[in-house]
Every structure is written in C-alpha cells, then in structure tokens.
Amino acid sequence: MSIDEETLARVALTWLAEPGTRSVHRLVDRLGPVAALDLLLDGGAPDETLRNSVAARCAAGDARAVAAEALARTDRLGARLVVPGDEEWPVRVDELRRLRLPEAYRRVDVETAPPLCFWVRGSWPLGEAFDRSVAVVGARAASGYGTHVATELGYGLAERDWTVVSGGAFGIDAAAHRGALNAGGRTVAVLACGVDRPYPMGNAALFDRIADTGLLVSEWMPGADPLRPRFLIRNRVIAAGTLGTVLVEAAARSGATQTTHRALALGKPSMVVPGPVTSAMSVGAHETLREHPKARLVTGVAQVLEEVGRIGDLAPVPRGPQRPADLLDDDARAVVEALPRRGAVGVDVLAARAGVPVRTALRKLSMLEELALVLRRDDGYALAPPPREQTARRAATPDGA
C-alpha cells in the first residue's frame with residue numbers, strides 16, 4: 001500500500017463526508033484511510049446519516065477520481081496537501097479527539113473530530129507556524145474600537161514573533177491579519193472554502209499578502225464553496241491549533257464565541273477583550289466572561305502573552321507614574337500627613353500630630369526637604385507647593401532671584 005493511495009483516500013474521504021465527522025475518523029483510526037474508503041464506498045458506513053451522505057456524493061461522481069483531480073489542481077495552484085505523519089503536521093489539532101461540547105445537539109457541535117488533511121498555500125511549515133500561535137477572532141461587523149484593538153493585538157503579537165491565526169473574514173479577523181502583516185510577522189488564515197477561493201472577495205488582496213508571507217489553510221479541496229456550516233466546522237481548528245484564543249468583539253449570536261467555547265472545552269487559555277457596555281458588539285464577549293469563569297479578561301498584548309506564554313512571561317501590573325511620596329516609609333508619611341495644608345508648624349507640634357518622637361520627626365523632615373516635599377521656614381515647616389506651582393513661581397521671578 002503506497003503513501004499516494006493513502007493520500008488519495010484521505011482526500012476522497014473529506015469529499016464524501018464533511019471534515020470533523022467522528023465516525024469517519026474512527027474508521028480511519030481502526031482500518032486506515034484506504035480500507036475506510038473502501039468500506040464506505042461499499043455501503044458499509046456505520047450509521048445512516050453517513051451512508052446517506054456517501055450515497056449523495058457518489059451520485060455526483062467517483063470519489064477517487066474527484067480526489068485525483070483535487071490533487072492535480074493543488075499542484076497547479078502551487079499549494080500542497082499536509083497529512084498526519086508529515087513532518088509539518090500541526091500535532092496540536094489532534095487534541096480534537098477529546099473535544100466534547102456541553103449540551104451539543106447540532107451536527108457542527110457534535111462532529112468535532114481532528115482533520116484528515118489540510119490544503120496549504122504559503123512557504124512556512126504548517127506545524128512551525130502553529131507552534132507559537134494565538135488566535136484573534138471576533139465580529140465581522142466590528143466597531144472602530146474593535147478594529148483598533150484587533151490591529152494592535154495582531155501587530156504586537158507578530159512583533160514578538162508569535163503567529164496570529166484567524167479566519168480571514170471582514171472585521172476583527174482582517175484587522176488582526178493586517179496588524180501582523182504590518183509588523184512583518186506571520187499570520188495564518190484558516191478558511192471555510194478552498195484555498196483558491198478568496199472569501200469574502202473583498203479580502204482577495206489580503207489573502208494574497210497572507211499567502212506570500214504566511215499561510216492559507218483549509219480542510220476543503222480547491223474549488224470548495226464557503227457554505228455556512230463550514231465556518232463553524234473550521235472554528236474547531238482555530239481553537240485547537242493555537243495556544244490560546246482572544247475574542248475581541250462578538251454580538252449575542254456569533255461564530256467567534258463558538259471558537260472561544262471550543263478553546264474553553266479543550267482547556268486552552270481563552271481570553272476576552274472588554275468593550276463598551278452600550279455596544280451590541282460587546283454582548284457576546286461580555287456574556288462569555290459572565291458564563292465561563294475560566295475565560296480571562298485581557299486588555300493588551302502583555303496580558304495575552306501572560307496567559308499563553310512560557311513561565312516568566314508575566315504582564316506588568318498597570319501603575320500610575322511613580323512619585324517621590326511613593327518611596328516614603330510609615331514615619332515619613334505620618335510626618336507629611338501631619339503638616340497643615342496651609343502655613344507652617346513647629347517641630348514639637350508636628351511630632352505630636354504625627355505620633356513620632358521629635359528626633360524621628362527631625363530626621364524625616366531632613367529627608368523630606370531633600371525630596372522637595374517640605375520647606376523649612378522661620379516659623380517651622382510647611383508643605384512644598386506642587387512641582388508645577390514651583391516652576392511657575394521660578395518663571396515669574398526676574399533672573400531666577
């Protein structure tokens with residue numbers, strides 16, 4: 001049995017049944033792709049739904065002939081087929097074996113098996129591109145806010161040598177891809193149609209740029225149409241193939257939230273960017289945060305990398321600008337707080353107010369003078385004016401006198 005036969009059989013199987021079909025995947029695991037194909041073509045599918053699907057496809061053509069033409073078309077496109085066992089196979093997608101979605105009843109939520117093969121356009125090895133990758137997904141009808149955030153995330157991740165993975169759609173997907181491209185980094189578009197069928201057509205130029213410097217990836221053979229269920233089927237690959245998923249914007253009913261739900265079910269870092277509570281494009285994102293305790297709120301690249309990065313990649317804690325008063329110990333802070341807002345006070349009175357010995361008060365006052373926080377006057381000590389006021393006073397004094 002040659003490798004070519006197995007490759008041909010895998011392609012034929014993806015044509016006979018939609019990717020993700022668990023019964024097909026189990027047959028391939030048990031019998032191998034060639035024997036699994038023979039069984040299905042002989043009417044031996046293990047369930048009625050699959051038998052009906054195979055019969056309908058076989059009425060339209062010979063499965064092996066269709067597969068052979070698909071492989072020939074792949075060569076003409078300058079694309080390639082990647083199958084399990086190849087050096088560049090993205091092994092992380094095999095985690096889909098264990099994906100079980102809670103309360104799943106629709107076919108796209110039940111049939112979530114690993115891919116049988118991938119069509120790929122672009123020079124990067126597929127596994128290498130996915131190895132250090134983050135998915136950035138969200139609404140097609142993105143707001144200006146969402147587009148800005150997705151672009152910044154795409155740029156920042158690519159700048160730090162992370163691959164940005166998304167679905168190539170309008171809105172958040174396109175913004176994330178463009179951000180990565182503008183940073184000169186890698187980006188991968190996982191498509192719901194053939195790699196020769198740019199969809200949406202308005203992103204055709206973007207897909208060409210991605211193919212030049214990144215990858216276009218699909219489970220469907222060249223020429224395959226972008227049917228609505230296929231977008232939900234491909235979302236499982238985005239969730240499984242990456243190290244984590246960031247949801248930027250999503251309406252109440254959104255395919256992007258489904259990608260996040262698949263990542264959560266796989267136990268992968270699942271992140272959500274908060275949005276304005278007045279925006280319809282924030283509803284799905286905020287509901288994900290409310291309903292899933294393991295979903296993490298993130299506001300920028302540093303926090304994304306803290307979730308998906310290696311040990312030590314911790315995001316800095318947001319802080320305001322450091323001020324001299326931040327360096328004070330408890331006694332010095334007590335002395336400052338005891339000074340009147342206006343006027344001056346003697347050391348004895350100040351020490352009593354601060355609840356510290358006079359000698360301690362004198363030591364702290366000396367330090368506070370050096371930090372320009374207090375002023376010594378003839379009648380005692382006073383708070384120094386704010387820096388802006390000091391500058392204004394100096395500017396108003398002739399010759400700095």
Side-chain angles (χ1 to χ4, degrees), residues 1-75 77 79-100 107-108 110-120 125-128 130-131 190-191 194-195 217-224 229-230 233-234 236-237 239-241 262 266:
M1 186 184 301
S2 69
I3 296 296
D4 287 344
E5 284 182 286
E6 291 197 353
T7 300
L8 190 74
R10 285 182 178 274
V11 174
L13 289 167
T14 65
W15 181 71
L16 288 173
E18 287 293 296
T21 303
R22 289 197 174 276
S23 55
V24 173
H25 194 269
R26 285 193 291 267
L27 285 175
V28 171
D29 269 355
R30 181 163 58 90
L31 305 174
V34 175
L37 176 61
D38 288 338
L39 180 67
L40 293 186
L41 293 177
D42 288 341
D47 61 80
E48 184 179 359
T49 300
L50 181 56
R51 279 195 298 274
N52 291 339
S53 174
V54 170
R57 290 292 172 88
C58 286
D62 176 82
R64 284 189 167 87
V66 171
E69 172 54 31
L71 290 172
R73 188 169 180 175
T74 302
D75 288 338
L77 285 170
R80 64 187 182 277
L81 191 77
V82 179
V83 301
D86 286 350
E87 188 175 347
E88 62 173 308
W89 181 256
V91 294
R92 207 176 285 125
V93 298
D94 294 334
E95 295 177 16
L96 289 168
R97 291 174 181 272
R98 60 181 177 83
L99 176 59
R100 297 293 186 275
R107 190 174 188 280
V108 293
V110 173
E111 305 291 9
T112 55
L116 294 176
C117 58
F118 284 117
W119 277 267
V120 181
L126 182 59
E128 183 180 331
F130 268 115
D131 181 56
V190 183
L191 307 180
V195 293
V217 179
S218 178
E219 292 181 83
W220 289 272
M221 61 180 56
R230 290 177 174 174
I233 293 171
R234 68 89 194 270
R236 79 195 198 291
V237 171
R262 282 152 173 72
L266 287 166

Q. With Glu95, which residues qualify under salt bridge (Lys or Arg N to Asp or Glu O under 4.0 Å), at least two apart?
A. Arg98, Lys268
(Q) For the CG atom of Leu8 and the CG atom of Leu81, what is their distance to the nearest 0.5 Å? (A) 10.0 Å
**Q.** Contact check, side chains of Arg236 and Pro115, non-hydrogen atoms, under 4.5 Å
**A.** yes
Q: Compare every heavy atom of Phe130 with every heavy atom of Pro90, then report the nearest pair and how far apart it is.
A: CB-CD1, 3.9 Å
Q. Considering all heavy atoms of both residues, which atom of Ser218 and which atom of Leu191 are nearest to each other, and what is their separation?
A. OG-O, 3.8 Å
Q | side-chain contact (heavy atoms from CB on, under 4.5 Å) partners for Glu48, two or more places apart | A | Arg51, Asn52
Q. With sequence neighbours excluded, what pairs up with Arg80 under the side chain to side chain donor-acceptor pair (under 3.5 Å) test?
A. Glu88
Q: Could you grab the distance from atom OG1 of Thr7 to atom CG of Leu116, nearest 0.5 Å is fine?
A: 11.5 Å
Q.
Minimum heavy-atom separation for Ala63 and Ala12, please, with both atom names.
A. O-CB, 3.8 Å
**Q.** With sequence neighbours excluded, residues passing side chain to side chain donor-acceptor pair (under 3.5 Å) with Arg64
**A.** Asp38
Q) Ser53 side chain to Thr49 main-chain N or O, any donor-acceptor pair under 3.5 Å? A) no
Q: Tell me, please, which residues at least two apart from Arg262 pass side chain to side chain donor-acceptor pair (under 3.5 Å).
A: Asp109
Q. By salt bridge (Lys or Arg N to Asp or Glu O under 4.0 Å), which residues pair with Arg73, not counting sequence neighbours?
A. Asp196
Q) In Å, rounded to the nearest 0.5 Å, how long is the span from CG of Leu126 to CG of Asp131? A) 11.0 Å
Q | Val83 backbone acceptor or donor facing Asp86 side chain under 3.5 Å | A | yes
Q) Taking side chain as C-beta onward, heavy atoms only, is His25 less than 4.5 Å from Pro114? A) yes
Q. Are the side chains of Thr14 and Glu219 in touch, meaning some heavy atoms are under 4.5 Å apart?
A. no
Q) Excluding sequence neighbours, so at least two apart, what forms ring pair (Phe, Tyr, Trp, His ring centres under 6.0 Å) with Phe118? A) Trp89
Just list the side-chain donor-acceptor pairs under 3.5 Å for residues 15-24, sequence neighbours left out, or say none.
| residue | atom | partner | partner atom | Å |
| --- | --- | --- | --- | --- |
| Glu18 | OE1 | Trp220 | NE1 | 3.1 |
| Glu18 | OE1 | Arg230 | NE | 3.1 |
| Glu18 | OE2 | Arg57 | NH2 | 3.4 |
| Glu18 | OE2 | Arg230 | NH2 | 3.0 |
| Thr21 | OG1 | Glu18 | O | 2.7 |
| Thr21 | OG1 | Arg107 | NH2 | 3.1 |
| Arg22 | NE | Val110 | O | 3.3 |
| Arg22 | NH2 | Leu96 | O | 3.3 |
| Arg22 | NH2 | Leu99 | O | 2.7 |
| Arg22 | NH2 | Thr112 | O | 3.4 |
| Arg22 | NH2 | Thr112 | OG1 | 2.7 |
| Ser23 | OG | Asp47 | OD2 | 3.3 |

Q. Who pairs with Arg100 by side chain to side chain donor-acceptor pair (under 3.5 Å), at least two apart in sequence or on another chain?
A. none
Q: Check salt bridge (Lys or Arg N to Asp or Glu O under 4.0 Å) between Arg97 and all other residues, then give those that pass, not counting sequence neighbours.
A: Asp29
